[in-house]
Amino acid sequence: MERRTRVAVTLEQCWHEVPGGTAQAALESVRALRAHGSIDQIGVSARHTRDPAPPWVPPIPVRPLPLPRLALYESWHRLRRPEVQRATGPVDVIHATGMAVPPPSAPLVVTVHDLAFLDDPSRSTRRGLSFFRRAIELARADATLVVVPSTATLEDCRRRGFDPDRLRLVPWGIDIRPADAATVSAARARHGLDGPYVLWVGTLEPRKNLPALLDAFSRVPGDTRLVLVGPEGWRTDLADRLDRLGDRVSSLGFLAPDELRALYAGAEVFCFPSHREGFGLPVLEAMAQGTPVVTSAGTATEEVVGDAGLTVDPCDVDALTAALTGLLDDPVGAAALGRAGAARAERSFSWASTAALLEAVYAEAAA
């Protein structure tokens, strides 16, 4: 019988206060690889006294190293220890799915989601910027292979000195699970959404460009509301803009996946004008529900929508306003764009494809 490749997967981001898209992508990749059936996976984390919140519980066993998170990150990045095998036992490959980069005590695969923090350091915290810069140094020096989710991130890595021969493109995927009408209606009722709404989903942080969205939406006439979904992040002062919009804006915080799918499906438009993304999973999630998308030109989300969404300069509030009002005023055109997005999501993105590409990366790294 052919020996199966054993991979240690870092999953510490599942315990972060705001796990975000990196945790979601890691967990979905792990699930897809389990279904694919040819890789043995063992998770690695810092020492914790509790499990992650329910949406972020890993579907594979996770073995803790003896240090709490901050000490582990510092030790990995400065001292290059402890080895992950101290928790996992022997492995063929280590996959760092976030930006905490363990020592290369086996062939090391590192996922670099994006380099937005290098393009504009003001959009990161001081501690975060130091951490990310050190992670990039280690990924360039120690990674056997570097996985990126988009061509935009791949080109950014090339520009930042990564060896092009070690870069591998592995786009994220989506499970197409359309929300039915009854589920959508119930979700709308729970959140008091009795009329048309524009949806935004993400972590509230500077690079998501919410001020521009709020300014654009303030010019949208009529009774359409703006719904913001996602956890609080950092350095986003939106109070004045939110006050001006009053009850036209609903901030719902973090929602479970089934609830979120229903709100995607119920939205007239999904708008995601982020300055910089490594992939932009919320855009793909909206497309999967047949919701027309307005997003940013010049970053990875433009790759995701292709010709099945509207892309605008995220800094151009007039263009954002025109895109939103154009779709809201043209329900027939908006529905056609939504159908095109759903077809593209189903045709071009799947977690099974992500798993197959990762399996090939692991085999190459192990060899």
Side-chain angles (χ1 to χ4, degrees), residues 1-113 131 134-135 138-139 142-147 170 172 351 354-355 357-367:
M1 179 182 295
E2 185 178 353
R3 180 177 174 276
R4 291 162 65 91
T5 302
R6 192 166 193 256
V7 180
V9 184
T10 64
L11 294 173
E12 176 59 24
Q13 63 269 46
C14 296
W15 279 264
H16 286 187
E17 184 176 350
V18 181
T22 62
Q24 185 177 354
L27 291 177
E28 293 294 349
S29 298
V30 164
R31 291 188 185 101
L33 281 162
R34 284 186 73 198
H36 207 61
S38 60
I39 299 289
D40 288 332
Q41 302 173 93
I42 181 75
V44 182
S45 75
R47 187 186 74 219
H48 295 282
T49 59
R50 58 171 179 79
D51 290 335
W56 310 108
V57 174
I60 58 173
V62 178
R63 302 288 181 256
L65 286 160
L67 297 173
R69 178 191 303 141
L70 294 181
L72 178 64
Y73 284 2
E74 185 71 12
S75 187
W76 271 357
H77 280 193
R78 301 299 169 187
L79 305 177
R80 304 308 279 144
R81 63 176 189 263
E83 298 180 355
V84 299
Q85 289 93 329
R86 178 168 176 176
T88 65
V91 295
D92 300 297
V93 176
I94 299 165
H95 185 182
T97 62
M99 292 307 289
V101 182
S105 50
L108 177 64
V109 173
V110 177
T111 295
V112 175
H113 297 277
F131 171 77
R134 178 59 176 162
L138 294 172
D142 291 348
T144 307
L145 295 173
V146 174
V147 167
V170 180
W172 296 349
W351 287 116
T354 302
L357 291 169
L358 280 175
E359 185 181 41
V361 168
Y362 294 156
E364 183 182 0

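Count residues from 1 along the sequence.
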Could you tell me whether Glu83 and Arg86 make a salt bridge, using a distance below 4.0 angstrom between a side-chain N and a carboxylate O? no

Less than 4.5 Å apart, any side-chain heavy atom of [X] and any of [Y]?
X      : Y      : result
Arg134 : Tyr73  : no
Arg69  : Trp15  : yes
Ser29  : Thr97  : no
Val44  : Glu12  : no
Phe131 : Leu70  : no
Asp142 : Val110 : no
Thr144 : Pro104 : no
Val361 : His95  : no

Looking only at heavy atoms, which two atoms of Val91 and Ala8 are closest? And how far apart? CG1-CB, 3.9 Å

Leu27 backbone acceptor or donor facing Trp56 side chain under 3.5 Å: no

Say whether, by atom type as modelled, one donor and one acceptor occur between the side chain of Arg63 and the main chain of Ser45 under 3.5 angstrom. no

If you round to the nearest 0.5 Å, how far is NE2 of His77 from CG of Leu72? 9.0 Å

Nearest 0.5 Å, what's the CG-CZ distance between Leu67 and Arg81? 10.0 Å

Distance-only side-chain donor-acceptor flag, Thr22 / Gln13, under 3.5 Å: no

Test side chain to side chain donor-acceptor pair (under 3.5 Å), reference Asp40, set Arg34, Arg4, Arg6, output is Arg4

